[in-house]
Amino acid sequence: MAESTPNPDESRRSDVARREQAGAPSVYGPEQNAADNQGGFLSDLLAPIAGFGVSFTNQFRKRHTEEYPEEKRPTQPRYHGRHQLNRHPDGLEKCVGCELCAWACPADAILVEGADNDDTPVEQGGTGRYSPGERYGRVYQINYLRCIFCGLCIEACPTRALTMTNFYELADHTREDLIFEKHQLLAPLSEGMVSPPHPMVEGMEERDYYQGKVAKATPEQEEFARERTVADADHATSDAVGGPDPADVPTKPRDEGGLTEGGTRR
């Protein structure tokens with residue numbers, strides 16, 4: 001004869017009956033809840049102020065005051081602060097004007113306008129070379145009124161041109177001063193660098209720059225920079241004395257639509 005399977009409801013009722021016979025409260029009724037909530041007189045007296053225990057214990061601890069801004073607290077090495085446009089060891093800019101950082105920005109805080117590098121000699125009207133690539137960032141703006149310092153822009157940069165520094169003191173008095181231009185974001189020239197525009201290292205290609213084969217500016221690049229500086233100084237002197245020839249002054253289209261002279265929106 002097969003054994004009958006016990007019914008769960010019957011087993012539960014029999015367990016309750018056994019506990020009632022033993023004088024114990026039922027685990028399935030309000031008696032058990034009341035038994036669990038029973039406390040002594042002292043616990044009931046201190047229950048309303050138990051939540052203030054943390055406040056009471058911290059009242060007698062010594063306070064540590066940071067004397068900012070006289071004593072600035074150091075940030076973490078990977079802190080997301082103000083952005084910086086980096087350079088190659090010879091001074092050329094790493095930014096190639098691809099605008100991927102602007103596309104990746106969730107706050108629409110970055111504006112980039114690229115332009116082609118011009119290897120035409122300066123005396124023939126060439127504008128010069130600013131980066132090893134085909135293009136460079138002619139206009140670069142970051143609106144720190146919108147920036148949320150998420151770091152997605154530096155993750156999107158394919159040339160490691162854009163990084164974030166540890167500088168965080170960005171407060172100012174006007175909205176215009178919080179829109180940083182390219183000259184404010186560019187890294188300063190280090191030892192061995194020459195300010196662009198100037199040609200690439202002779203015999204090197206764009207890939208050689210990113211493979212670390214360029215250590216510093218060559219004598220040819222330094223000579224080119226000196227000649228360009230002298231030419232710019234002579235041109236500025238001639239303009240100051242007699243003024244530029246009206247035939248040499250290019251005409252500019254009328255500024256419309258809230259654009260600045262460089263074509264950037266404010």
Side-chain angles (χ1 to χ4, degrees), residues 83-103 110-142 153-154 156-165 180-240 244-245 247-252 260-264:
H83 297 75
Q84 177 176 280
L85 290 174
N86 299 308
R87 301 175 183 268
H88 288 287
D90 63 346
L92 289 177
E93 302 169 5
K94 289 187 177 182
C95 178
V96 294
C98 65
E99 304 181 19
L100 288 179
C101 53
W103 283 100
I110 302 178
L111 173 64
V112 182
E113 291 184 4
D116 294 333
N117 285 306
D118 189 1
D119 290 328
T120 306
V122 178
E123 56 271 12
Q124 299 180 13
T127 58
R129 171 172 291 276
Y130 290 87
S131 73
E134 297 180 0
R135 292 168 61 82
Y136 72 99
R138 183 180 66 87
V139 175
Y140 203 103
Q141 291 181 347
I142 297 182
C153 52
I154 64 176
C157 183
T159 61
R160 196 61 178 170
L162 185 66
T163 55
M164 302 184 78
T165 65
F180 279 52
E181 305 284 348
K182 177 181 176 180
H183 67 276
Q184 298 173 280
L185 300 171
L186 270 175
L189 293 173
S190 302
E191 184 179 358
M193 293 184 179
V194 176
S195 177
H198 59 76
M200 298 170 57
V201 176
E202 187 177 358
M204 294 289 181
E205 298 180 355
E206 182 180 3
R207 69 175 67 183
D208 299 323
Y209 274 80
Y210 296 108
Q211 291 177 357
K213 296 181 180 180
V214 177
K216 63 178 182 178
T218 60
E220 292 79 8
Q221 290 176 316
E222 295 176 354
E223 181 63 24
F224 180 89
R226 281 194 295 268
E227 293 177 356
R228 180 174 55 84
T229 302
V230 172
D232 293 343
D234 294 341
H235 183 69
T237 303
S238 62
D239 289 347
D245 188 353
D248 297 335
V249 178
T251 59
K252 297 181 180 179
T260 62
E261 180 179 322
T264 59

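Index from 1, following the sequence.
Of the inter-residue distances, the one linking Lys213 atom NZ with Asp208 atom CG reads 4.5 Å to the nearest 0.5 angstrom. Note: His83 NE2 to Gln184 CD = 14.0 Å, rounded to the nearest 0.5 Å. Lys182 NZ to Ile142 CD1: the interatomic distance, rounded to the nearest 0.5 Å, is 13.0 Å. Separation of atoms NZ (Lys94) and CG (Leu162) is listed at 11.5 Å; rounding is to 0.5 Å. Distance CG/Asp118 to OH/Tyr130: 10.0 Å, rounded to 0.5 Å. Summarising the geometry, atom SG belonging to Cys153 is positioned 11.5 Å from atom CG belonging to Leu100; distances are rounded to the nearest 0.5 Å.
In this structure the side chain of Ile110 never reaches within 4.5 angstrom of the side chain of Trp103, judged on heavy atoms. Counting heavy atoms from C-beta on, the side chains of Asn117 and Ser131 come closer than 4.5 Å. Side-chain contact between Glu93 and Leu85 is absent, with no heavy-atom pair separated by less than 4.5 Å.
Using a distance-only test at 3.5 Å, with no hydrogens or angles considered, a donor-acceptor pair links the side chain of Arg135 to the main chain of Gly114.
Summarising the geometry of Gly97 relative to Val112, their closest heavy-atom pair is CA-CG1, 4.3 Å, with the distance given to 0.1 Å. Taking all atoms of both residues into account, the shortest heavy-atom contact from Ala161 to Cys95 is CB-N, 3.4 Å. For the pair Arg160 and Asn86, the tightest heavy-atom approach, listed with the atom from each and the gap, is O-ND2, 3.3 Å.
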Would you list the atom pairs, donor with acceptor, under 3.5 Å between side chains in residues 188-207 and any protein atom, with sequence neighbours excluded?
unit_1	atom_1	unit_2	atom_2	d
His198	ND1	Gln221	NE2	3.4
His198	NE2	Asp90	O	3.3
His198	NE2	Val194	O	3.1

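No more than 12 heavy atoms of other residues, nucleotides or ligands lie within 6.0 Å of NZ in Lys216, so this atom counts as exposed by the packing criterion.
With sequence neighbours excluded, the residues satisfying side chain to side chain contact (heavy atoms under 4.5 Å, CB included) with Arg226 are Glu222, Glu223.
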